[in-house]
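Remember, it's a predicted structure, so these values are computed and weren't measured experimentally. Just so we're on the same page: letters track the sequence lines, and every chain starts at 1.
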2 protein chains.
Amino acid sequence: MSHRITMADVAREAEVSVMTVSRVVNGKDGISITTRQRVQEIIDRLGYRPSTLARSLVTDRTGTVGLVVIDNSNPYFSEVARGVEHVAYAEGYNVFLCNTEEDPQRELRILQSLSDKHVDGVILCSSRLDDADLHSALAAHSHAVLVNRPSGTTEIGEMLLDDAYGGYLATKHLIASGHRAIGYLAGPTQSFSGAQRGTGYRQALTEAGIPLRPEWEQACLPVVENGTEKTLELLSDHPELSALFCYNDLVAVGALKACQQLGRRIPDELAIIGFDDIPLSALVNPSLTTCWSPKYELGSQAMELLLARINGCTDDCTNVIFQPELVIRESAP
Amino acid sequence: MSHRITMADVAREAEVSVMTVSRVVNGKDGISITTRQRVQEIIDRLGYRPSTLARSLVTDRTGTVGLVVIDNSNPYFSEVARGVEHVAYAEGYNVFLCNTEEDPQRELRILQSLSDKHVDGVILCSSRLDDADLHSALAAHSHAVLVNRPSGTTEIGEMLLDDAYGGYLATKHLIASGHRAIGYLAGPTQSFSGAQRGTGYRQALTEAGIPLRPEWEQACLPVVENGTEKTLELLSDHPELSALFCYNDLVAVGALKACQQLGRRIPDELAIIGFDDIPLSALVNPSLTTCWSPKYELGSQAMELLLARINGCTDDCTNVIFQPELVIRESAP
DNA sequence: CTGTTAGCGCTTTCAC
DNA sequence: GTGAAAGCGCTAACAG
């Protein structure tokens with residue numbers, strides 16, 4: 001790398017001032033067509049590219065945003081990320097992808113580092129911070145959108161799924177099939193969606209006149225392995241369970257494996273419902289009944305909303321609540 | 001956002017020069033212990049954070065890197081990305097994640113935008129650019145590491161898997177099981193790994209004295225759906241095939257589905273081997289025999305190598321070639 | 001239409 | 001030990 005071409009280089013070559021070059025670069029008017037052409041020619045010939053760094057220092061805009069997720073190798077998040085990246089690319093933005101790995105301290109440090117990098121905004125997906133930490137960390141950011149969690153303030157955008165309704169739908173489906181002993185593998189304790197889905201689950205039971213049994217609910221990590229472990233525990237403690245509603249599809253696949261180990265047949269000896277409808281759920285055997293979630297849209301819309309806010313939109317840049325849909329497959333027909 | 005605290009603010013409050021604050025912030029010596037403490041106290045009290053933007057403008061270092069992949073929602077790439085992000089985080093770097101979506105033009109534009117953002121380096125995973133475009137696009141970057149593709153120059157780092165050996169291993173395994181009519185679903189035509197795996201496939205056949213049949217090789221997109229389609233085509237044209245080596249696990253799962261449609265039993269009526277060993281391959285039914293690839297390590301090591309190069313390492317910052325390993329499961333026991 | 005001046009927030013160099 | 005001056009590459013505000 002010898003020397004990066006600067007505006008001064010172009011200006012010298014074109015025998016104009018730096019300001020004139022700046023005007024051409026930014027397509028501002030108030031420039032004679034001939035100068036513009038001459039400068040543009042030189043820009044092209046020299047292969048000049050403006051330094052976004054220098055520009056950012058004065059405009060206070062970087063053309064970057066941060067996307068904070070739990071774990072990009074989880075198919076759910078990688079699909080959300082794809083949605084974000086897709087609209088970011090279309091708008092000329094670049095996105096910093098950061099994994100919190102379920103660690104609130106790490107999440108805090110990430111938010112800090114993104115602020116240090118002067119991102120124009122952040123998208124926080126499934127944050128595991130408590131309200132106080134969340135709001136203080138977000139105070140350093142001019143714009144933010146929360147996915148899968150309400151913000152409690154109009155300062156922060158939100159992109160939500162009606163998780164409670166999803167839990168309700170799933171549980172009702174199980175009840176309609178005659179199940180009354182239905183367990184819930186509830187996901188991480190700090191997960192807002194996990195709590196909401198639990199609300200829907202309980203509402204469906206109550207509506208059906210089935211008494212709630214707290215011991216049928218069990219927290220778990222949102223990964224296959226822990227799904228298997230917790231299912232084994234739950235079924236060992238409560239063999240009477242005839243159905244299981246799972247926090248997400250990964251956990252549900254874990255439950256599937258547990259049943260295989262136990263020789264318990266699905267759906268006859270245990271019906272299982274997952275959540276998210278990741279591609280995997282259609283590919284396992286038996287295939288998974290699940291609640292569809294608009295993963296890609298959650299991401300793309302979150303980015304749209306963030307952009308709207310960055311560009312000064314206030315009222316009509318509305319938050320969105322998506323509705324889940326039950327996808328019926330073999331594990332709970 | 002009212003007003004971001006700057007060094008000048010701290011300097012004023014501490015009644016020292018900006019330079020002194022800078023020294024404290026950067027831990028440089030040549031400062032009395034008392035001044036250092038006093039300044040540090042004020043930094044903490046004011047919550048001052050240095051502007052990486054301003055710093056970058058003078059140091060020419062941004063603490064950011066670009067990661068370019070085909071599609072982050074492909075489990076292979078999302079795992080590579082996790083590896084990259086993990087070591088980046090540990091070293092205080094942030095990573096821009098970009099999807100090319102198999103589009104060379106888009107890949108070119110992405111590389112351009114990353115250069116505009118002054119990233120300290122880029123990691124290009126499974127680039128689909130031809131050599132000329134690749135090298136001209138990389139000329140704008142001070143440091144680069146290629147994953148899954150040789151660079152042909154010591155200027156650019158490389159992180160490789162011995163793909164030919166993987167193809168050889170897989171094919172040999174099938175031959176050892178008595179197969180002689182073995183097809184190859186070869187992946188995208190511009191894929192370097194696809195070509196290499198093909199080389200290994202052919203070598204194994206030749207060694208076994210089995211004549212090569214080009215019509216048994218078929219390009220395909222590296223996704224489930226196209227795997228299904230191309231398998232249906234291939235089996236319809238060549239029903240004599242008794243085994244199939246697939247570019248990656250997604251294609252192999254696609255082949256699995258094709259067989260289900262056809263009522264062709266696996267592995268008895270068609271043996272299938274995939275590549276990469278993504279989590280999915282152990283979860284489908286029948287489970288997939290495949291070539292394991294060190295996805296996370298490919299990412300983490302690529303980032304380590306890039307950092308070494310950024311930090312001025314020249315000779316002993318060596319490229320790495322990983323060895324694949326055959327993972328035998330049900331689809332080709 | 002075009003140029004000049006100032007300054008974004010920091011580090012580098014050199015002086016004291 | 002500490003500070004003053006200059007400048008990284010650009011844009012905003014005002015002149016002319």
(request) Show your reasoning for whether salt bridge (charged side-chain N to carboxylate O under 4.0 Å, His left out) applies to B:Asp131 and B:Arg149. (result) CA-CA 11 Å; B:Asp131 280 4; B:Arg149 170 168 176 168; 2.7 Å; yes

(request) Would you kindly compare A:Ile33 and A:Met19 by the position of their nearest DNA chain C nucleotide and give the one closer to the 5′ end? (result)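 The residue closer to the strand's 5' end, by nearest nucleotide, is A:Ile33.
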
For a quick check of understanding: with a heavy-atom distance under 4.0 Å over all strands, which category does [X] fall into, base, sugar-phosphate or nothing?
X: B:Asn26; result: sugar-phosphate
X: B:Val16; result: sugar-phosphate
X: B:Thr35; result: sugar-phosphate

If you measure from the Lys or Arg side-chain nitrogens to the Asp or Glu carboxylate oxygens, is any gap between [X] and [Y] under 4.0 Å?
X: A:Arg128; Y: A:Glu102; answer: yes
X: B:Glu15; Y: B:Arg38; answer: no
X: A:Arg106; Y: B:Glu85; answer: yes

Are OP1 or OP2 of [N] and a side-chain N or O of [X] less than 4.0 angstrom apart?
X: B:Ser22; N: C:dT11; answer: yes
X: A:Thr20; N: C:dG3; answer: yes
X: B:Ser32; N: D:dT2; answer: yes
X: B:Lys28; N: C:dT12; answer: yes

Whole angstrom value for the distance that separates [atom2] of [N] from [atom1] of [X]:
X: A:Leu53; N: C:dT11; atom1: CG; atom2: C1'; result: 14 Å
X: B:Arg12; N: C:dG9; atom1: CZ; atom2: C1'; result: 13 Å
X: B:Met7; N: C:dC8; atom1: CE; atom2: C1'; result: 14 Å
X: A:Gln37; N: C:dC1; atom1: CD; atom2: P; result: 14 Å
X: A:Ile31; N: C:dC1; atom1: CD1; atom2: P; result: 10 Å
X: B:Glu15; N: D:dG3; atom1: CD; atom2: C1'; result: 15 Å
X: A:Arg61; N: C:dG9; atom1: CZ; atom2: P; result: 17 Å
X: B:His118; N: D:dC10; atom1: NE2; atom2: C1'; result: 11 Å

(message) Reading DNA chain D from 5' onward, which residue's closest nucleotide shows up sooner: B:Ala54 or B:Arg23?
(response)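 Nearer the 5' end of the strand: B:Arg23.
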
(request) Name the residue closer to the 5' end of DNA chain D, choosing between B:Ser17 and B:Leu57 according to the nucleotide with the nearest heavy atom. (result)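 Its nucleotide being nearer the 5' end, the pick is B:Ser17.
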
(request) May I ask you to test the A:Val122-A:Val145 pair for a side-chain heavy-atom distance under 4.5 Å? (result)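 With C-beta onward as the side chain, the pair stays apart.
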
